[in-house]
**Q** 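This structure is in structure tokens; I'll ask about it shortly.
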Amino acid sequence: MNETPISDDHPRPRRGGKPVEGKPVIDRAFALLSAFGSDHRAQSLAELAQRSGIPRSSALRLARALVEVGALERLGDGRFVVGLRLLEIASLAPRGHGLRSVAMPFMEDLFHVTRQHVLLAVRDQGEALLVERLSALDASPVHYRVGGRLPLTSTGVGLVLLAFAPSRVQDQAIATYEPEHGPDDVRTPADLRRLLAEVRRGDYAFGRQSRPWPLSTAAAPLRNEDGVVAALSVVAPSTGFTDAGYGPAVRATARAISRQLLADGPRMHRFQTNPREYSTGHRLLSPMDHDKTPS
């Protein structure tokens, strides 16, 4: 699978033709915040204005206001960085921190078994958003980060999330599918449609990619009382990667997390007040559990 993320090096294009100055202040504030990326963590006022498309005078007013509320911080050299207040607010998102708190004990067990990349992602419209990643120091090189975005059509977690997405999301992804960025054996939109149907039937995705280097992935859905809410995967070099070797561990771990999500459903609102409550008390899966875990 192509585990290359969607680049956040360039701000996303603005929708519609309305000039930035005519937009509500909240839209302009988010445009300014969206100018930050993995390769642009600290920016001068000129860089913020250029990357956000906001005139410099307006960008300065917005940046100062965001500094006052803690959404941005200003370094000694005058550059701006994302503030801790945003981290504080983001930690309250149940699809992010709450989900991660439930999944982490099981992900850690899967990581110790595989010693490869273990990913947890949710769908955000037409993309996958990486919630957590565990990686060994000697694992294969990959280009993604927690909080980064991944394509739905060319990653293991993405294919699982797409397979269970609303039909309009699937139709859009299929219509715009680019085979050069997809799995090796998915060359046409029709191939992608068939693959998504197989993922739904098997409740599981397995795939390989040879670009930019040989990688394989095994992925499975996570469910709560509302249905599929996330996807879990292992990504590793294709050499020695087999469905029989990784598939049972991924599926068993996904089922274990899903059972915990279902059990915690009535108490999900308590994530915000005591997230560590859900990080303790779980019996972790061992390699011997993989064939014992009921579906």
**Q** How far apart are the closest heavy atoms of F80 and L48, and which atoms are they?
**A** CD1-CD1, 3.7 Å

**Q** Check the pair E47, H40 against side-chain contact (heavy atoms from CB on, under 4.5 Å), reporting the backbone distance first and the verdict last.
**A** CA-CA 9 Å; E47 290 170 328; H40 293 82; 5.6 Å; no

**Q** Taking T217 for its side chain and V234 for its backbone only, find out whether a donor-acceptor pair lies under 3.5 Å.
**A** yes

**Q** Can you measure from CD (E225) to CG (D264) and round to the nearest 0.5 angstrom?
**A** 10.0 Å

**Q** side-chain contact (heavy atoms from CB on, under 4.5 Å) between V67 and R64: does it pass, once the steps are laid out?
**A** CA-CA 5 Å; V67 168; R64 284 175 173 171; 5.6 Å; no

**Q** Ignoring hydrogens and geometry, is there a side-chain-to-backbone donor-acceptor pair from Y246 to S216 under 3.5 Å?
**A** no

**Q** Taking atom CD1 of I257 and atom CE of M104, what is their separation to the nearest 0.5 Å?
**A** 10.0 Å

**Q** Would you name the heavy atoms of R123 and L152 that are closest together and state the gap between them?
**A** CD-CD1, 4.2 Å

**Q** Of all residues at least two apart in sequence or in a different chain, which pass the side chain to side chain donor-acceptor pair (under 3.5 Å) check with D226?
**A** none

**Q** For residues L130 and L120, report the shortest heavy-atom separation together with the two atoms involved.
**A** CD1-O, 3.5 Å

**Q** Measuring from L32:CG to L60:CG, what's the distance to the nearest 0.5 Å?
**A** 10.0 Å

**Q** Would you say the side chain of V186 lies within less than 4.5 Å of the side chain of T153, judging by non-hydrogen atoms?
**A** no

**Q** On a heavy-atom basis, which atom in G147 and which in L129 lie closest, and how many Å separate them?
**A** O-CD1, 3.3 Å

**Q** Considering only heavy atoms from C-beta outward, does the side chain of L72 approach that of F36 to under 4.5 Å?
**A** yes

**Q** Contact between L232 and M107 at the side-chain level, heavy atoms closer than 4.5 Å - yes or no?
**A** yes

**Q** Can any side-chain N or O of R187 pair as donor or acceptor with the backbone N or O of P179 at less than 3.5 Å?
**A** yes

**Q** Okay, side chain of S258, backbone of R223: is any donor-acceptor separation there less than 3.5 Å?
**A** yes

**Q** Quick one: are L261 and L99 in side-chain contact, heavy atoms under 4.5 Å?
**A** yes

**Q** State whether a side-chain donor-acceptor pair under 3.5 Å links R61 with S58.
**A** yes

**Q** Could you tell me the separation between the CZ atom of F30 and the CG atom of L66, rounded to the nearest 0.5 Å?
**A** 9.5 Å

**Q** With a 4.0 Å cut-off on N to O distance, would you call R168 and D171 a salt bridge?
**A** no

**Q** Can you name the closest pair of heavy atoms from R56 and L45 and give their distance?
**A** NE-CD2, 3.6 Å

**Q** Which heavy-atom pair separates V169 from Q125 by the least distance, and what is that distance?
**A** CG1-O, 4.1 Å

**Q** For the side chain of R200 and the backbone of A163, is there at least one donor-acceptor N/O pair under 3.5 Å apart?
**A** yes

**Q** Within the structure provided, determine whether H117 and R133 are in side-chain contact (heavy-atom separation under 4.5 Å).
**A** yes

**Q** Is any side-chain heavy atom of S233 closer than 4.5 Å to one of V250?
**A** no

**Q** First locate atom CG of L119, then atom OG1 of T155, and finally report the distance between them rounded to the nearest 0.5 Å.
**A** 8.5 Å

**Q** Taking V25 as the starting point, is it possible to reach I54 by hopping between hydrophobic residues whose side chains are less than 4.5 Å apart?
**A** yes

**Q** Step through the shown structure and confirm whether more than 12 heavy atoms of other residues, nucleotides or ligands are within 6.0 Å of CZ on R193.
**A** no

**Q** Check whether any side-chain heavy atom of L196 lies under 4.5 Å from a side-chain heavy atom of L159, and answer yes or no.
**A** yes

**Q** Quick one: does E132's side chain get under 4.5 Å of V146's, heavy atoms only?
**A** yes

**Q** Kindly check if the number of other-residue, nucleotide or ligand heavy atoms within 6.0 Å of CD (Q170) is above 12?
**A** yes

**Q** Rounded to the nearest 0.5 Å, what's the gap from CG on L161 to CD on E127? Could you check?
**A** 12.0 Å

**Q** Are any side-chain N or O atoms of Q172 and backbone N or O atoms of G126, one a donor and one an acceptor, separated by less than 3.5 Å?
**A** no

